[in-house]
Amino acid sequence: MSSLRLSLPLSVPRISLLQSRRYSSCDFSRFFPSCYPGEKLQRGCRRLQSFLEMEQFWIAGSIDKNKALVEHLQQYGKLRSDKVAKIMETIDRALFVKKEYPPYVDSPMPIGYNATISAPHMHALCLELLKDHLQPGMHALDVGSGSGYLTACFALMVGPEGRAVGIEHIPELVAASIENVKRSAAAPLLEKGSLSLHVADGRDGWPEAAPYDAIHVGAAAPEIPKALLDQLKPGGRMVIPVGHYFQDLQVIDKKLDGSITSRNVTGVRYVPLTSRSAQLQNY
């Protein structure tokens with residue numbers, strides 16, 4: 001379960017990043033039907049602007065090496081720390097993308113079963129948001145682990161004394177993700193047991209390794225699942241897309257006293273955090 005590339009309505013023309021800056025005051029009303037009045041229009045405009053700003057990443061189709069992809073993300077400011085850049089360079093994305101798809105294009109790619117591997121800039125963003133909670137010895141949970149890519153990144157960051165857990169409710173995806181990880185630099189951590197991938201309903205988390213310093217959710221929830229909040233360690237952080245069609249990537253921080261704060265980072269478009277049967281409908 002991962003992010004999907006936005007499909008703009010047919011009435012919305014493709015706009016370059018440079019052109020989109022002309023509409024920084026959020027004057028996108030001409031792109032929407034009249035049924036988007038008032039506050040709903042304003043919210044839609046803000047999110048559309050975020051999507052348009054991501055367009056620069058979708059056109060980088062000539063990248064053919066993992067290192068070049070990392071350099072591309074650094075050039076456009078999506079990779080800001082050496083720590084995250086090193087991790088993304090070490091875990092080769094090509095090992096987690098189906099062979100029929102270009103692995104280094106900055107776009108989500110299908111992995112089967114109505115799921116995708118997120119676009120690299122979204123992986124970079126989530127790793128940057130969580131990096132301080134992925135220190136050696138810490139525990140991390142990847143909900144909707146899909147291809148296993150981000151779980152492998154987490155495992156390298158928390159190291160052999162930490163714990164990185166990926167959960168996914170499609171058994172075939174879990175089996176494939178384990179094989180992906182075995183070919184990657186995270187393979188020794190899988191063998192040691194500090195990295196593990198399991199079949200489970202992401203809405204329930206994975207209590208066995210809780211509490212978690214970092215939780216990443218790779219699918220959109222209409223509201224934050226209570227089980228995940230309960231499994232977040234005081235002082236920990238969760239990154240989760242929240243919403244229905246229009247979604248916000250939210251950062252959830254649990255303070256040491258157990259109180260919760262949240263903030264929106266950007267508008268996103270993820271597959272829904274749902275049941276296995278719902279995800280496989282029409283597949």
Side-chain angles (χ1 to χ4, degrees), residues 1-4 96 108-118 122-123 126 129-130 133-134 138-155 158 162-181 186 190 193-233 236-245 247-252 254 260 262 268-283:
M1 292 182 279
S2 301
S3 59
L4 286 174
F96 297 83
M109 295 293 170
I111 58 174
Y113 304 94
N114 290 330
T116 65
I117 178 173
S118 290
M122 288 304 302
H123 282 151
C126 292
L129 290 170
L130 290 169
H133 304 270
L134 294 168
M138 290 184 172
H139 284 208
L141 176 65
D142 185 17
V143 176
S145 50
S147 70
Y149 174 86
L150 209 54
T151 317
C153 291
F154 289 173
V158 301
R163 186 76 193 277
V165 177
I167 54 175
E168 168 63 56
H169 61 194
I170 306 295
E172 294 85 352
L173 287 179
V174 174
S177 68
I178 290 172
E179 294 305 312
N180 294 342
V181 172
L190 182 67
S194 56
L195 187 169
S196 59
L197 295 148
H198 307 274
V199 179
D201 189 323
R203 297 168 294 185
D204 298 329
W206 189 255
E208 287 86 340
Y212 297 99
D213 300 275
I215 297 177
H216 166 265
V217 184
E223 57 186 23
I224 301 167
K226 183 178 183 301
L228 298 183
L229 282 176
D230 291 343
Q231 292 171 35
L232 186 63
K233 184 178 181 179
R237 171 172 286 186
M238 182 191 314
V239 173
I240 178 173
V242 179
H244 295 279
Y245 186 82
Q247 305 156 5
D248 291 304
L249 188 68
Q250 293 190 2
V251 170
I252 310 297
K254 180 181 279 190
I260 300 294
S262 66
V268 292
R269 185 78 174 103
Y270 278 71
V271 297
L273 183 65
T274 185
S275 67
R276 180 186 176 193
S277 60
Q279 181 173 332
L280 294 177
Q281 188 175 6
N282 299 324
Y283 178 72

_Step-by-step side-chain contact (heavy atoms from CB on, under 4.5 Å) determination, His198 to Val174_ = CA-CA 7 Å; His198 307 274; Val174 174; 5.9 Å; no

Are the side chain of [X] and the backbone N or O of [Y] linked by a donor-acceptor pair below 3.5 Å?
X      : Y      : answer
Asp248 : Gln250 : no
Gln247 : Val271 : no
Arg237 : Leu129 : yes
Asn114 : Gln279 : yes
Glu168 : Gly146 : yes

Measuring from [X]:[atom1] to [Y]:[atom2], what's the distance to the nearest 0.5 Å?
X      : Y      : atom1 : atom2 : result
Ile167 : Arg203 : CD1   : CZ    : 11.0 Å
His169 : Asp204 : NE2   : CG    : 11.5 Å
Ile111 : Leu173 : CD1   : CG    : 5.0 Å
Ser118 : His216 : OG    : NE2   : 6.0 Å
Leu229 : Met238 : CG    : CE    : 4.5 Å
Ile215 : Ile240 : CD1   : CD1   : 9.0 Å

Distance-minimising heavy-atom pair for [X] and [Y]:
X      : Y      : result
Asn180 : Ser147 : ND2-O, 3.0 Å
Leu130 : Ala214 : CD2-CB, 4.0 Å
Trp206 : Gln231 : N-OE1, 2.9 Å
Gly243 : Ala220 : O-CB, 4.1 Å
Asp213 : Leu232 : O-CD1, 4.3 Å
Ala209 : Val165 : CB-CG2, 3.9 Å

*Using 30° and 60° as the class limits, which term best fits the ring planes of His139 and Tyr212: parallel, tilted or perpendicular?*
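It falls in the tilted class, 30° to 60°.
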
Heavy-atom side-chain contact between [X] and [Y] under 4.5 Å:
X      : Y      : answer
Pro171 : Arg276 : yes
Leu195 : Val181 : yes
Ser262 : Ile224 : no

*Does Arg163 make a cation-pi contact with Phe154 (under 6.0 Å, within 45 degrees of the axis)?*
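No, Arg163 does not sit over the ring of Phe154.
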
*asked:* Working note: Val217 + Tyr270, criterion side-chain contact (heavy atoms from CB on, under 4.5 Å); need CA distance, chi angles, decisive distance, verdict.
replied: CA-CA 10 Å; Val217 184; Tyr270 278 71; over 6 Å; no

*Check step by step if side-chain contact (heavy atoms from CB on, under 4.5 Å) holds for Ser177 and Thr151.*
CA-CA 10 Å; Ser177 68; Thr151 317; over 6 Å; no

